[in-house]
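In what follows, a structure is listed as structure tokens, so that the remarks can point back to it.
Source: prediction; values computed, not measured.
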Amino acid sequence: MKKIAVLGLGKVGALAAELLHNSGFEVTGVDMAQPATSLPFTVKSMDLSQTGDVAAEFAQQDAVLSCLPFHLNIQLAQIAHDAGIHYFDLTEDVPTTKTIIELSKTSKGLMAPQCGLAPGFIGIVGADLIASLDECRSCKMRVGALPQNPTGLMGYAFNWSPEGVVNEYLNDCEVIEDGEIKWVSAMEWLEDIYIDGVKLEAFTTSGGLGTMCDTYLGKVANIDYKTMRYPGHAAQMNFFFHELLMRERRKEAGEILVNAKPPVDDDVVYVHVAAEGKKDGRMARKEFVRGYRPIDVAGKSRTAIAWTTAGSVVAIIEMVRDGKLPTSGFLKQEDISLSDFLATPTGGLYAQ
């Protein structure tokens with residue numbers, strides 16, 4: 001794998017493309033519009049609804065990384081499958097992933113969705129903690145991408161795709177509870193979590209577990225994923241989506257929220273993963289708790305959400321190139337070794 005197309009050159013896509021370029025890949029960036037700043041790789045303007053043009057481009061590539069909204073990915077995955085090349089994306093959307101799993105059954109290349117932060121890195125960490133125990137009774141995974149200096153009742157800034165956030169807040173959530181796979185409503189099961197003395201609230205959101213429920217059914221009795229926010233956020237969002245019925249107008253809901261709480265540069269990504277069970281015959285709790293902030297990457301300051309998301313997928317692509325992961329079929333995030341991930345040039349960013 002040498003040539004890779006990166007689709008969508010927003011903050012995450014442009015950074016992923018730069019990291020891949022710096023890691024030795026021959027990168028082609030693809031977007032509707034030319035980027036505002038110069039980039040160290042080839043950039044092509046393309047209307048991705050023109051499937052013939054997309055197929056022609058994919059025929060020249062060894063792999064493709066989609067950093068586009070989730071609703072575009074099924075078609076792109078199909079074209080990548082037909083071209084026989086590797087496919088990677090950042091989607092949290094469950095129906096999209098299920099379609100890609102079906103495609104992977106006949107794929108020549110690797111089909112690897114859900115390679116971002118959550119799903120993605122969070123599942124790699126969760127699997128590592130589960131494996132560290134002789135018997136695991138529960139694994140709780142939480143991620144929060146937040147402004148460092150929140151304002152207002154919402155206490156939030158939309159540094160991530162509004163379409164993705166709305167999707168996560170409204171779609172049902174898969175969990176394992178008492179040994180059974182169940183579907184629960186989003187923005188429920190509220191709990192308090194403290195990280196470095198900062199009080200946060202956590203609640204269920206869709207898609208963060210990826211394929212973990214299928215993998216650990218019958219092995220771990222309780223698994224769930226929640227998003228972390230500053231206290232009071234869930235109540236505001238429940239009012240907005242359910243009392244004001246904005247759940248019926250998702251596109252407009254996203255536009256209103258971004259207009260009210262635009263992105264900020266000073267953000268923080270909190271990761272809190274805890275597994276409980278038995279080790280050497282005794283009860284034990286293993287934790288991975290981090291607060292990631294903006295850092296300089298590829299010569300520029302990058303927001304925490306940008307570098308953690310881009311860094312995760314690029315590290316996985318590096319592992320595929322270097323023979324650490326399969327080159328065909330479907331890739332589950334929980335099958336990725338955390339130590340191998342952190343040992344990659346880009347995955348090492350997480351170890352700082």
Side-chain angles (χ1 to χ4, degrees), residues 1 3-49 53-54 57-58 60-77 79-80 85-93 96 100 112-121 145 158-165 167 254 258 263 265 267 269 294-318 320-321 345-347 349:
M1 179 169 54
K3 298 180 179 180
I4 185 167
V6 178
L7 311 181
L9 297 177
K11 286 185 178 181
V12 172
L15 176 54
E18 287 189 69
L19 290 171
L20 288 165
H21 171 79
N22 292 343
S23 190
F25 288 88
E26 186 177 324
V27 176
T28 301
V30 179
D31 206 309
M32 285 282 288
Q34 286 289 324
T37 58
S38 61
L39 295 168
F41 49 82
T42 301
V43 177
K44 294 183 178 180
S45 298
M46 185 181 301
D47 181 354
L48 294 172
S49 66
D53 293 343
V54 175
E57 180 60 39
F58 284 12
Q60 303 175 48
Q61 304 293 336
D62 302 317
V64 58
L65 164 60
S66 173
C67 297
L68 296 165
F70 71 87
H71 71 268
L72 299 172
N73 285 334
I74 288 178
Q75 179 174 278
L76 296 169
I79 298 172
I85 65 175
H86 301 309
Y87 172 84
F88 304 88
D89 74 28
L90 309 171
T91 190
E92 75 291 329
D93 185 62
T96 297
I100 293 172
Q114 304 181 318
C115 292
L117 179 61
F121 180 68
F158 276 82
N159 279 35
W160 185 245
S161 157
E163 187 174 23
V165 173
N167 198 42
V258 172
D265 293 329
D267 66 333
V269 169
I295 59 174
D296 286 342
V297 182
K300 298 178 184 177
S301 178
R302 313 288 182 163
T303 62
I305 188 59
W307 77 257
T308 54
T309 304
S312 180
V313 67
V314 170
I316 291 167
I317 294 171
E318 290 172 339
V320 175
R321 176 193 61 188
T346 303
L349 293 172

* To do: Kindly give the heavy-atom pair with the smallest separation between Ala17 and Leu9, and that separation in Å.
  => CB-CD2, 4.5 Å
* To do: State, to 0.1 Å, how close Leu76 and Phe58 come at their nearest heavy-atom pair, and which atoms those are.
  => O-CE2, 3.6 Å
Side-chain donor/acceptor of [X] to backbone N/O of [Y], under 3.5 Å:
| X | Y | answer |
| --- | --- | --- |
| Ser312 | Gly120 | no |
| Arg302 | Trp307 | no |
| Asp31 | Gly8 | no |
| Glu318 | Thr346 | yes |
| Ser23 | Leu19 | no |
| Asp267 | Thr303 | no |

First locate atom [atom1] of [X], then atom [atom2] of [Y], and finally report the distance between them rounded to the nearest 0.5 Å.
| X | Y | atom1 | atom2 | result |
| --- | --- | --- | --- | --- |
| Leu72 | Glu163 | CG | CD | 7.5 Å |
| Asp93 | Gln114 | CG | CD | 9.5 Å |
| Ile74 | Ile100 | CD1 | CD1 | 7.0 Å |
| Ser45 | Gln34 | OG | CD | 4.0 Å |

* If we only count heavy atoms from C-beta on, is the Phe41 to Leu20 side-chain gap below 4.5 Å? -> no
* **Side chains of Leu90 and Phe70 in contact at under 4.5 Å (non-hydrogen atoms)** => no
* Trace of the side chain to side chain donor-acceptor pair (under 3.5 Å) decision for His21 with Glu26 -> CA-CA 6 Å; His21 171 79; Glu26 186 177 324; over 6 Å; no
* Under the side chain to side chain contact (heavy atoms under 4.5 Å, CB included) rule, what do Val6 and Val30 come out as? Steps first, then yes or no, please. => CA-CA 6 Å; Val6 178; Val30 179; over 6 Å; no
Establish, from distance only, whether the side-chain atoms of [X] and [Y] form a donor-acceptor pair under 3.5 Å.
| X | Y | value |
| --- | --- | --- |
| Thr91 | Asp89 | no |
| His86 | Gln61 | no |
| Asn73 | Thr96 | no |

* **Evaluation steps, side chain to side chain contact (heavy atoms under 4.5 Å, CB included), between Ile4 and Val64** => CA-CA 5 Å; Ile4 185 167; Val64 58; 5.6 Å; no
* To do: Given side chain to side chain contact (heavy atoms under 4.5 Å, CB included), test Asp62 with Ile85 step by step and report yes or no.
  => CA-CA 5 Å; Asp62 302 317; Ile85 65 175; 5.6 Å; no
